[in-house]
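Worksheet for the structure shown next.
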2 protein chains.
Amino acid sequence: MTIAKHAEAPGAVTGPSQGGDLPRPSPLSPRAAQIVAAARELLEEEGPGALTMRALAERIGIRAPSLYKHFADKAAVEAALIEQGLAEVGTVLYAALDAPEPVVSVLEAYRRAALAAPNMYRLTTSGPLPRHRLAAGLEEWAGTPFFLAAGDPHLAQALWSFAHGMVILELDGRYPEGSDLGRTWSEGARAFTARKAH
Amino acid sequence: MTIAKHAEAPGAVTGPSQGGDLPRPSPLSPRAAQIVAAARELLEEEGPGALTMRALAERIGIRAPSLYKHFADKAAVEAALIEQGLAEVGTVLYAALDAPEPVVSVLEAYRRAALAAPNMYRLTTSGPLPRHRLAAGLEEWAGTPFFLAAGDPHLAQALWSFAHGMVILELDGRYPEGSDLGRTWSEGARAFTARKAH
DNA sequence: CGTCATGGCTAACTATGTTAGCCCCTGGGG
DNA sequence: CCCCAGGGGCTAACATAGTTAGCCATGACG
């Protein structure tokens, strides 16, 4: 996910529009798709540490080396998962744009999506991105809703950073026990909506 | 780092004060301290992947198994690094409080500290924290400046989330090439300072 | 009917964290 | 003076990771 550097008209919906034009993720053979599906189950159900080539192979009833007939290496499997993650979060965010308060709505949708699939979220958004392995335009497409909601590229990046910070710190258990994160989210949302109105 | 749930008076400096009272990090024998120092060099100079027990041992002229005479496991060495990281970032943040615009100043200090030692930053702030291995109070102490700058616990958490999101996304190269992150930072800073003034 | 790509397999290599068990040295008590 | 306890090294070895090499069955197709 990335927010375009759009120097163009701030409010107007310029290039990437409603969300219909999802850049096609890299095509996968049926077998490869099955592997990715299994990888996702493994990741979500048992955490990142459980996503090993041997465990993945076992889940679909083959041996680890056979996986390499379908993917160059483990990172390639992860890249396919990242594409899924970007596509899904993007879809959710575009849908959230159609609301009276898009900034608030996008933030809520972002949090909901992340908490619904925490390990996918972490994989998708943490660490350096293997961009060369991802479908061109996908990353930017997924981030564009922030721009569409904020109306300004810098505010959009700030908004995205806030959202990501909130989510990842929550997932990592970094907030103190009894924190009322709902209030923290709305505090941030208010700060950014106010700022949006110049 | 964590921001206390202070239900008390928002503006007043209540519990943790100026920054003089850094909770003492866990004491280390001289040899252990040397190991941690070497680990830090390894981490900063060659990245997280280079921080292996064998490489660490070699750097101080011993064999890997001997490290276990000083630390229970690799995570214990990392915990010691995390303590260093928290202590250092906290120190910097407390120092930044003494400025006309503490919110802006704390944000700037945070970014500067993170970029100066990116791998330390990542280790310190990413993934679940091994809290039982850390000196009690250290994490909260390091986060308190955000509270002191923001004056309100929820705004403080929002501010911290924004700062962390900005930093980690920058370190991970998630922003598009030509992004003017300076402007994004000040956009966020403005949003939060405005919000601070109710 | 051969042949060749597809997609399995076993065996094995390397790197990593970690454990078991040995040994040397040094310093304090009997 | 000896002894012996423990701190702090060492080698050997194990389990688990990703990954490679090389072999073999199967099925589509000229």
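In what follows, chains are A, B, ... by sequence order, proteins preceding strands, each numbered from 1. Below, each value reflects all heavy atoms present in this structure, side chains not excepted, and no hydrogens, waters or symmetry copies. Every value quoted in this text rests on a predicted model; they were computed, and no experiment measured them.
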Inset, instruction - Taking only Lys NZ, Arg NE, NH1 and NH2, and the carboxylate oxygens of Asp or Glu, determine whether B/R133 and B/D73 approach each other closer than 4.0 Å. - result: yes
Inset, instruction - Answer yes or no: is there an ion pair linking A/R59 with A/E46, defined by an N-O contact shorter than 4.0 Å? - result: yes
Legend entry - Cluster check A/V92, A/L81: I/L/V/M/F/W/Y, side chain < 4.5 angstrom: no
Inset, instruction - Let me know the distance between CG of A/L51 and P of D/dA17, rounded to the nearest Å. - result: 11 Å
Legend entry - Interface residues of residues 67-85 of chain B with DNA chain D (non-hydrogen, below 4.0 angstrom): B/K69, B/H70
Inset, instruction - Indicate whether OP1 or OP2 belonging to C/dG7 is found under 4.0 Å from a side-chain N or O atom of A/S66. - result: no
Legend entry - Distance test, side-chain N/O of A/R31 to OP1/OP2 of C/dG8, below 4.0 Å: yes
Inset, instruction - Give the nucleotide from the list D/dG9, C/dT10, D/dG18 with an atom nearest to the side chain of A/T52. - result: D/dG18
Inset, instruction - Return the nearest nucleotide to the side chain of B/M53; candidates are C/dG17, C/dT10, D/dG9. - result: C/dG17
Inset, instruction - Among A/L171, A/L42, A/L43, A/T124, find the one that has a side-chain contact (heavy atoms from CB on, under 4.5 Å) with A/N119. - result: A/L43
Inset, instruction - Could you state the atom-to-atom distance from CZ of B/R54 to P of D/dC14 in whole Å? - result: 14 Å
Inset, instruction - Would you indicate, yes or no, if D/dT11 has its OP1 or OP2 atom less than 4.0 angstrom from a side-chain nitrogen or oxygen of B/R63? - result: yes
Inset, instruction - Return the 5'-most residue of the pair A/A64, B/A55 with respect to DNA chain C, ranking by each residue's nearest nucleotide. - result: A/A64
Inset, instruction - Find the distance B/I62:CD1 to D/dT11:C1' and express it as a whole number of Å. - result: 14 Å
Inset, instruction - Look at atom CD of A/E58 and say whether more than 12 heavy atoms of other residues, nucleotides or ligands are closer to it than 6.0 Å. - result: no
Inset, instruction - Could you tell me whether A/E170 and A/R111 have a side-chain N and a carboxylate O separated by less than 4.0 Å? - result: yes
